[in-house]
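Below you'll find the structure, written out as structure tokens, and then a few comments.
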Amino acid sequence: GNLALLDFFAAGLLSGKTDSLQCDNTSTSDGMSLYATYLRRFGRLAVKLGLRGNLDSQHLDYALRQEYNADSTFWTLTPSLHLSYSTRDMHSFSFSYTRRVSQPGLAQLTLYKQYGIDNYGDWGNPDLRPAYSQKMELNWDKYFMKFGSVGAQLYYTNNTDQISELASVTYSTFYGHNVSYTMPMNIGSSWSGGLDLNVTYRPSAFVNVRCYATLLYNNEDFTFRGQEYHNSQWSYRLRLNAWAKLRKNYQFFVNAYLGS
């Protein structure tokens, strides 16, 4: 028959305060999370919907240099969808979609320029934006009574506004010479897609052999110093895992990997 289930979860308001004597600063963060899921079964088909909401507020206060203070408030909604279906002859199908958000931290948003050994600095970037990721997976598995199983997985991932630490050199009026530094930046987007095939051979409860073959395509488009770059490539992975129990007190393992 049909089955419906609704879950709702809410995390209370969380506050944290951290003092740093080295930089003479105080950071405060508050957050709230709401998460709801809805599960419905239609015979052998299961549908699960999810929605997550996050509210994050952060404040960084420099006691001696107020111009370096940083504030950030992010409100994000991340949906998810999961489908699964099984047949009487032991075929299993599933599909999933998820969306994620990666938010920059306060240290990445401040204008404060911190230097360490050899005048090498870590700079912040107040214009930094959150990075988003979307992922889709499609799975199929077929199980056999006396053999094991075979399966295939198709997956696709799309990333936008990716954050990376970029290195550069500039002249410093404070030190009187060139200094090196890194700064977080939204450098661009990337996407990847792949196909994974797997075979599991299980002739008995004491022998298990698994083989995996993966073909992956990766594409990147990013910008640095006003110039656009493009990179794409194919890669592959082959894996073998074997396990067997010999006699009563001995176990045997084999693991092999080949990839590009």
Side-chain angles (χ1 to χ4, degrees), residues 7-20 22-37 48-63 65-82 96-116 121-137 155-168 181-192 218-226 228-229 231:
D7 288 332
F8 181 78
F9 172 77
L13 188 64
L14 305 176
S15 299
K17 187 174 183 180
T18 304
D19 297 325
S20 175
Q22 180 180 1
C23 299
D24 196 16
N25 64 72
T26 302
S27 62
T28 305
S29 61
D30 301 282
M32 177 176 289
S33 295
L34 301 174
Y35 188 70
T37 61
K48 185 177 181 180
L49 298 172
L51 183 63
R52 184 185 185 94
N54 285 318
L55 177 63
D56 294 300
S57 178
Q58 304 177 82
H59 176 71
L60 181 61
D61 179 33
Y62 284 88
R65 302 294 297 270
Q66 294 295 314
E67 66 271 23
Y68 293 141
N69 291 353
D71 290 279
S72 66
T73 300
F74 294 104
W75 164 250
T76 58
L77 285 175
T78 54
S80 63
L81 169 65
H82 301 277
S96 65
Y97 165 81
T98 54
R99 183 174 183 262
R100 294 289 181 265
V101 181
S102 178
Q103 301 168 0
L106 285 175
Q108 296 177 303
L109 295 171
T110 179
L111 282 171
Y112 183 80
K113 299 178 180 180
Q114 180 175 333
Y115 286 92
D122 292 316
W123 296 12
N125 182 5
D127 297 325
L128 209 58
R129 302 182 301 275
Y132 295 88
S133 175
Q134 300 183 80
K135 186 174 183 179
M136 290 183 287
E137 292 185 3
Y155 47 90
Y156 170 80
T157 302
N158 182 54
N159 305 298
T160 56
D161 283 334
Q162 286 185 274
I163 299 175
S164 182
E165 298 283 342
L166 299 184
S168 190
Y181 69 94
T182 59
M183 176 184 289
M185 296 183 64
N186 298 100
I187 62 171
S189 62
S190 69
W191 65 269
S192 62
N218 187 71
N219 182 87
E220 298 174 319
D221 295 286
F222 56 96
T223 303
F224 180 56
R225 292 179 177 174
E228 296 183 355
Y229 296 87
N231 177 58

Which atoms form the tightest heavy-atom contact between [X] and [Y], and what is the distance?
X: Pro130; Y: Pro104; answer: CA-CD, 3.9 Å
X: Ala131; Y: Gln162; answer: CB-CA, 4.2 Å
X: Ser57; Y: Thr73; answer: OG-OG1, 3.6 Å
X: Gln108; Y: Leu128; answer: CB-CD2, 3.8 Å
X: Arg99; Y: Gln134; answer: CG-CG, 4.0 Å
X: Asn158; Y: Ser190; answer: OD1-O, 3.5 Å

Nearest-0.5 Å distance that lies between atom [atom1] in [X] and atom [atom2] in [Y]:
X: Leu55; Y: Phe74; atom1: CG; atom2: CZ; answer: 11.0 Å
X: Asp127; Y: Asn186; atom1: CG; atom2: CG; answer: 9.0 Å
X: Tyr155; Y: Lys135; atom1: OH; atom2: NZ; answer: 8.5 Å
X: Thr98; Y: Glu137; atom1: OG1; atom2: CD; answer: 7.5 Å
X: Ile187; Y: Leu166; atom1: CD1; atom2: CG; answer: 6.0 Å
X: Ser80; Y: Arg100; atom1: OG; atom2: CZ; answer: 6.5 Å

TODO: Show the numbers, then the answer: is there a side-chain contact (heavy atoms from CB on, under 4.5 Å) between Lys48 and Thr37?
DONE: CA-CA 7 Å; Lys48 185 177 181 180; Thr37 61; 4.2 Å; yes

Open item on the list: Test your reading of the model: is there a side-chain donor-acceptor pair from Asn218 to the backbone of Ser192, 3.5 Å cut-off?
Closed with: no

Quick check: do [X] and [Y] have side-chain heavy atoms less than 4.5 Å from each other?
X: Thr157; Y: Asn159; result: yes
X: Leu34; Y: Arg52; result: no
X: Thr28; Y: Gln58; result: no

Open item on the list: Under 3.5 Å, is there a donor on one side chain and an acceptor on the other for Ser189 and Asp221?
Closed with: no

Open item on the list: Parallel, tilted or perpendicular, judged at 30° and 60°: which one describes the rings of Trp123 and Tyr181?
Closed with: parallel

